[in-house]
S.K.: 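My questions will all concern the structure given below.
All values below come from the heavy atoms of this structure, side chains included, with hydrogens, waters and symmetry mates left out.
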Amino acid sequence: MGRYVRADGLDIWTEQVGTGPDVLLVGGLGDTVESWQFQLDGLADRYRLTAFDNRGAGRTTMPEGPVSVGAMADDAAALLRALDIPSAHVAGFSGGSVISQELALRHPRLVRSLVLQSTWSAPDAYLRRWGRFVRWLVETAPGERAFLEGFFLDIYTARAHNDGTVDRFVEDALAFPHKQTTENLKRFLDAVLDHDTTNRLPDIDVPTLVLAGGRDSTSRPELCRAVADAIPGARFAVMEEEAHQPFQEVPDEWNARVDAFWQETRTRTA
């Protein structure tokens, strides 16, 4: 069961499970604790995992004032400190991967390693246009189901659409009682697409694994590779048959890859 954690003046909805080395999971656009359910279930026998709702998503309110990636990275840092976690392996996807980059840059002592799934350092023209499309879609779709079905075309593989996986995700989203407002979705999207870490990535000094989906049409492999190339010693891997969120489509494979990286990082550090 989750709970609110007071962190630097913000009540952040948080779920923590498992025992072992600490892991912080950072979600993307509109995603909540539940987005990481396959990891909370599949890795809790080896790690203590902490997942949370970003500001303006799920059960965490959106504070007054401008939204920025830096502020959301500070939220994550404040949460770790409030939970008395001195450092954690940090894994983020999509917008959450950009927040994770910023967390490692702003609060390096809190980050033991980084896993960046479907990431970018700065959006190119294609990704910016995709962001404008999402803004248009959420404003003009005739209903929530239509929005989700359209949005998920760029998030999950054709395989997942055809075998019923996406239908189940849609039903879960429709039933979720803590909806993100349209305005908060657009504010988060604008923040992560306006952010640029390109010139600062060489300052990240922790073991880093960058994962891309070979069929991801948004944060495409070339964007992910540019991040890996900029971070000293970072590893880069492409899951060729996957799209934007393989940690949900093929969670066993994703968990195994990440677990192996964390285990190796732990051994090297020791």
Side-chain angles (χ1 to χ4, degrees), residues 2-16 24-36 50-85 88 90-111 114 116 119-123 127-139 144 147 151 176-201 203-204 218-219:
R3 63 187 176 98
Y4 284 105
V5 175
R6 187 74 171 175
D8 199 20
L10 182 64
D11 290 322
I12 300 176
W13 182 260
T14 306
E15 185 166 334
Q16 193 173 70
L24 181 70
L25 302 170
V26 187
L29 177 66
D31 292 296
T32 61
V33 165
E34 288 76 13
S35 302
W36 294 106
T50 302
F52 65 100
D53 294 357
N54 281 312
R55 57 170 62 195
R59 289 139 293 202
T60 302
T61 60
M62 178 69 81
E64 295 295 329
V67 181
S68 69
V69 172
M72 290 186 281
D74 290 345
D75 291 343
L79 177 63
L80 289 173
R81 294 189 176 106
L83 293 170
D84 293 322
I85 297 174
V90 176
F93 76 90
S94 192
S97 75
V98 179
I99 296 169
S100 298
Q101 293 174 30
E102 194 65 32
L103 176 62
L105 289 164
R106 294 167 76 94
H107 307 276
R109 293 185 179 181
L110 294 176
V111 179
L114 279 176
L116 305 174
T119 194
W120 62 90
S121 59
L127 187 55
R128 289 187 184 281
R129 289 171 183 172
W130 177 81
R132 290 198 293 271
F133 164 75
V134 173
R135 285 180 62 96
W136 169 82
L137 183 65
V138 73
E139 291 168 354
E144 186 180 4
F147 167 73
F151 177 64
F176 188 63
H178 308 285
K179 310 288 189 185
Q180 185 178 40
T181 67
T182 296
E183 182 60 29
N184 285 342
L185 182 149
K186 291 190 290 186
R187 293 176 76 189
F188 181 97
L189 181 66
D190 289 347
V192 297
L193 289 179
D194 285 342
H195 198 67
D196 188 343
T197 55
T198 303
N199 294 328
R200 293 181 293 136
L201 287 178
D203 295 333
I204 292 178
T218 57
S219 47

S.K.: Heavy-atom distance under 4.5 Å between the side chains of Phe52 and Leu83, does that happen here?
M.R.: no

S.K.: Would you say the side chain of Thr197 lies within less than 4.5 Å of the side chain of Trp120, judging by non-hydrogen atoms?
M.R.: no

S.K.: Any side-chain heavy-atom pair from Thr182 and Arg135 closer than 4.5 angstrom?
M.R.: no

S.K.: With heavy-atom distances below 4.5 Å as the criterion, would you say the side chains of Arg59 and Asp11 are in contact?
M.R.: no

S.K.: Shortest non-hydrogen contact from Arg55 to Pro66?
M.R.: NH1-O, 4.5 Å

S.K.: Going by heavy atoms in the side chains, are Asn54 and Thr60 under 4.5 Å from each other?
M.R.: no

S.K.: Between Arg132 and Glu139, does at least one N-O distance fall below 4.0 Å, as a salt bridge requires?
M.R.: no

S.K.: Rounded to the nearest 0.5 Å, what separation is found between the OG atom of Ser100 and the CD1 atom of Ile204?
M.R.: 9.5 Å

S.K.: Show your reasoning for whether side chain to side chain contact (heavy atoms under 4.5 Å, CB included) applies to Ile85 and Gln16.
M.R.: CA-CA 12 Å; Ile85 297 174; Gln16 193 173 70; 3.8 Å; yes

S.K.: Provide the closest heavy-atom pair for Leu201 versus Ser121 in the form atom of the first, atom of the second, distance.
M.R.: CD1-CB, 3.6 Å

S.K.: Atom CZ in Arg200, atom CD in Glu102: separation rounded to 0.5 Å?
M.R.: 4.0 Å

S.K.: When the ring planes of His178 and Phe176 are compared, do they come out parallel, tilted or perpendicular, using 30° and 60° as the limits?
M.R.: perpendicular

S.K.: Using every non-hydrogen atom in the two residues, find where Val5 and Ala82 come nearest and quote the distance to one decimal.
M.R.: CG1-CB, 3.8 Å

S.K.: With no hydrogens and no angle check, just 3.5 Å: does a side-chain donor-acceptor pair link Thr181 and Glu183?
M.R.: no

S.K.: Side chains of Met72 and Val67: closer than 4.5 Å at any heavy-atom pair?
M.R.: yes

S.K.: Return yes when atom CG of Asp8 has more than 12 non-hydrogen atoms of other residues, nucleotides or ligands closer than 6.0 Å, and no otherwise.
M.R.: no

S.K.: Can you name the closest pair of heavy atoms from Phe147 and Leu137 and give their distance?
M.R.: CD1-CG, 3.6 Å

S.K.: Would you call Val111 and Leu103 a side-chain contact if the rule is heavy atoms closer than 4.5 Å?
M.R.: yes

S.K.: Which is it for Ile99 and His195 under the side chain to side chain contact (heavy atoms under 4.5 Å, CB included) test, yes or no, and what are the steps along the way?
M.R.: CA-CA 9 Å; Ile99 296 169; His195 198 67; over 6 Å; no

S.K.: Is the distance between the ring centroids of Phe133 and Trp136 less than 6.0 Å?
M.R.: yes

S.K.: Mind checking the OG1-CD spacing from Thr198 to Gln101? Nearest 0.5 Å is all I need.
M.R.: 8.5 Å

S.K.: For Val69 and Val98, which heavy atoms make the closest approach, and how far apart are they?
M.R.: CG1-O, 3.9 Å

S.K.: Counting only heavy atoms not in Arg81 (residues, nucleotides, ligands), do more than 12 fall under 6.0 Å from its CZ?
M.R.: yes

S.K.: Mind checking the CD-OG1 spacing from Gln180 to Thr32? Nearest 0.5 Å is all I need.
M.R.: 9.5 Å

S.K.: Measure the spacing between CG of Leu193 and CZ of Phe188 and express it to the nearest 0.5 Å.
M.R.: 9.5 Å

S.K.: Hey, does Leu10 have a side-chain heavy atom less than 4.5 Å from the side chain of Thr61?
M.R.: yes

S.K.: With rounding to the nearest 0.5 angstrom, report the CG to OG distance, Asp190 to Ser68.
M.R.: 12.5 Å

S.K.: Considering all heavy atoms of both residues, which atom of Leu127 and which atom of Ser219 are nearest to each other, and what is their separation?
M.R.: CD1-N, 4.4 Å

